[in-house]
Amino acid sequence: MPGSVLQDPAIRQKAEALLARMSLEQKIGQMTLTERLSVTPADVRDFHLGGVLSGSGSCPGSNRPEDWVAMNDAYWTASMTEDEKRLAIPLLYGVDAIHGHNNVRGATIFPHNIGLGAAYDHDLLKRVASVTAREILATGVDWTFAPNLSVARDIHWGRTYESYSEDTGIVTSYAGEFIQALQADLGTDGVVACIKHWVGDGGTTNGIDQGDVALSIDELETVHMRPYRQAIDAGALTIMASFSSWNGDKCHGHKFLLTDILKTQWGFGGFVISDWDGIDYLSEDYHDAVALAVNAGIDMFMVSENWKDFIAHLKRHVQRGSVSKKRIDDAVSRILKVKLAYGLFDKPRPLERAWSNHASFGSSEHRSVAREAVRKSLVLLKNEKSLLPLAKNARVLVAGKNANNLGHQCGGFSIVWQGTCGNEMVEGGTSVWEGIRQVAANASLSQEDYGADADPAQHDAAIVVIGEHPYAEGLGDVREGNHLIVEAGSQIKGSINVLRPYGKTLELASLHPEDLRTIRTITEKGILAVVVMISGRPLVVDRELEASSAFVAAWLPGSEGHGIADVLFGDFDFHGKLSFSWPGNGVNAPAGHRKSHAPLFPRGYGMTYLN
Ligand code: GLC
């Protein structure tokens, strides 16, 4: 099992031999991970940095694979400088490739995890992981902060769509498979995975992002830890700590979670990283925060800008003894073992690697895997009078704000952090409308707001594509008021970082009244409507459901929108089953007063043409 590779005596000996040659500066440099906009290749060389990352949407040059390869080649080459003051220790470059290599123009963008959860197809999941790994490698990158193993328990959470399911069993069953396919042979065809966010990020009270998880250790273990155990047993090499807290204590400073469980009890041999400036929230005093986090068990520190401060503070702690040399050596040994196990020391420079700039990047072959994933992710919730499948010669009016909007169908973490709007940025993809137009010659795209140009004399049926706009993290939360999302932190200059929520309710008719208005404008003319909802989560859609003859949950399908037409026009039957229970109105009660409500559709629900 790849996980055991970290126990390999040869790997351990090489790491120990290298560690013995390293200065304190070199060791602390390896524990430092910073953002590309804050660091040059010369900095990587002179400060011996262990990692550089792209924050979501932080892309070099024209954001083409060749620009990424050139950037990585410069960083990697700098890290391999060997002289009297420097040791050649190759840099790891990390990205959020969470549904394909989603930052890069022309990449194959897969359905977000909530859709893959509905597909419930392990063979497909492995092919998604393999294609993702190859498109990451095509850009000279070796490390992705994925898969997200959250078990999202409250769909008010803005990161629900990054979770495969509300059910621990489904997430667990996916965890190991994805890791093995993503890391593959740990060298040529695979990339280093980073499972996240440890632990319980999907279990916060009222689904508040970076909030607090009020659970017993047994509940935390049963619901949220199990997928990580599976992933670690499958060989996951790195883990990212969660911004959230457990019973009031921040995960980033939680020794019991980061060291006692992961490293001592479970024997995890890889390394733990902090999230984006995640240690800042441990204390108003950054010097204290550094020691708290290192001593709790963080091994590599994602410091977006002030990485030189971090290095200086940690050095001072070691010199004063408030952080032991033993802890430093443990952290660096883990980092070296992962780099050795992954074969990073033996790889040629990025410009000379087999996968760099590979022609398969964004290829039709890769996109066909994503198209299959879209088909299998769709969940049919209603099909009155067997309106679906539609005949390919039907005169179909296609309407709705998400009908021809690749940015909206990809959702957050797509080209830019919060996602995009329109079709320009998601190159090579097909919108829902473009997919329909390819199979239904008599389909037409509504040219008027709310489908006002619907005409029963010209249209046999309508397809109305509705739902959410893109969002990411706390900006996707649905909550009352502006809760404090992150307390004052030291390096965030003490400002209280309160994110504007997506809305105050899960009721679509309140969040986006334009959708119900469009459906009704069309159906009031006697035209039957097939409603397709693009969203990062289930929503309360009682009124939209009532107004439609057929209703499809399409989640965030990514770049291959034609997968939706494949099913609506009968080339494929529906396959997807809900991996989240679907709420009725009860879920909308104010936070704290949400009575347990029977779902409108239970997890596992999903119709086919036959029923
Ligand atoms: C973000 C996210 C994390 C991501 C990291 C790097 O804040 O919490 O999932 O991997 O920053 O972009």
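Whatever order the structure lists them in is the order used to number ligands and atoms, beginning at 1. Throughout, residue positions are numbered sequentially from 1 according to the sequence presented.
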Inset, instruction - State whether Lys504 and Glu480 are salt-bridged, where the test is any N-O pair (Lys NZ or Arg NE/NH1/NH2 against Asp/Glu carboxylate O) under 4.0 Å. - result: no
Legend entry - Electrostatic pair Asp201-Arg159, nearest N-O below 4.0 angstrom: no
May I have a table of the N/O to N/O pairs between ligand 1 and the protein that fall below 3.5 Å, each row giving the two atom names and the distance to 0.1 Å?
unit_1   : atom_1 : unit_2 : atom_2 : d
ligand 1 : 7 (O)  : Asp275 : OD1    : 3.4
ligand 1 : 7 (O)  : Glu473 : OE1    : 3.3
ligand 1 : 7 (O)  : Glu473 : OE2    : 3.3
ligand 1 : 8 (O)  : Arg159 : NH1    : 2.8
ligand 1 : 8 (O)  : Asp275 : OD1    : 3.4
ligand 1 : 8 (O)  : Asp275 : OD2    : 2.6
ligand 1 : 9 (O)  : Arg159 : NH2    : 2.8
ligand 1 : 9 (O)  : Lys196 : NZ     : 2.9
ligand 1 : 9 (O)  : His197 : NE2    : 2.7
ligand 1 : 10 (O) : Asp96  : OD1    : 2.5
ligand 1 : 10 (O) : Lys196 : NZ     : 3.1
ligand 1 : 11 (O) : Asp275 : OD1    : 3.1
ligand 1 : 12 (O) : Asp96  : OD2    : 2.5

Legend entry - Aromatic ring proximity Phe580/Trp157, centre distance under 6.0 Å: no
Inset, instruction - Please confirm whether the backbone N or O of Tyr164 pairs with a side-chain atom of Ser579, one donor and one acceptor, at under 3.5 Å? - result: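 Pair found, side chain donor or acceptor close to backbone of Tyr164.
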Legend entry - Nearest atoms (heavy-atom pairs only) where Asp477 meets Gly158: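 So the minimum-distance heavy-atom pair works out to OD1-N, 2.7 Å.
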Inset, instruction - Sequence neighbours left out, what pairs pass side-chain hydrogen bond (donor to acceptor under 3.5 Å, both in side chains) with at least one residue falling in residues 292-303? - result: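 Every pair satisfying side-chain hydrogen bond (donor to acceptor under 3.5 Å, both in side chains) with a residue in residues 292-303: Lys263-Asp299, Asp299-Arg327.
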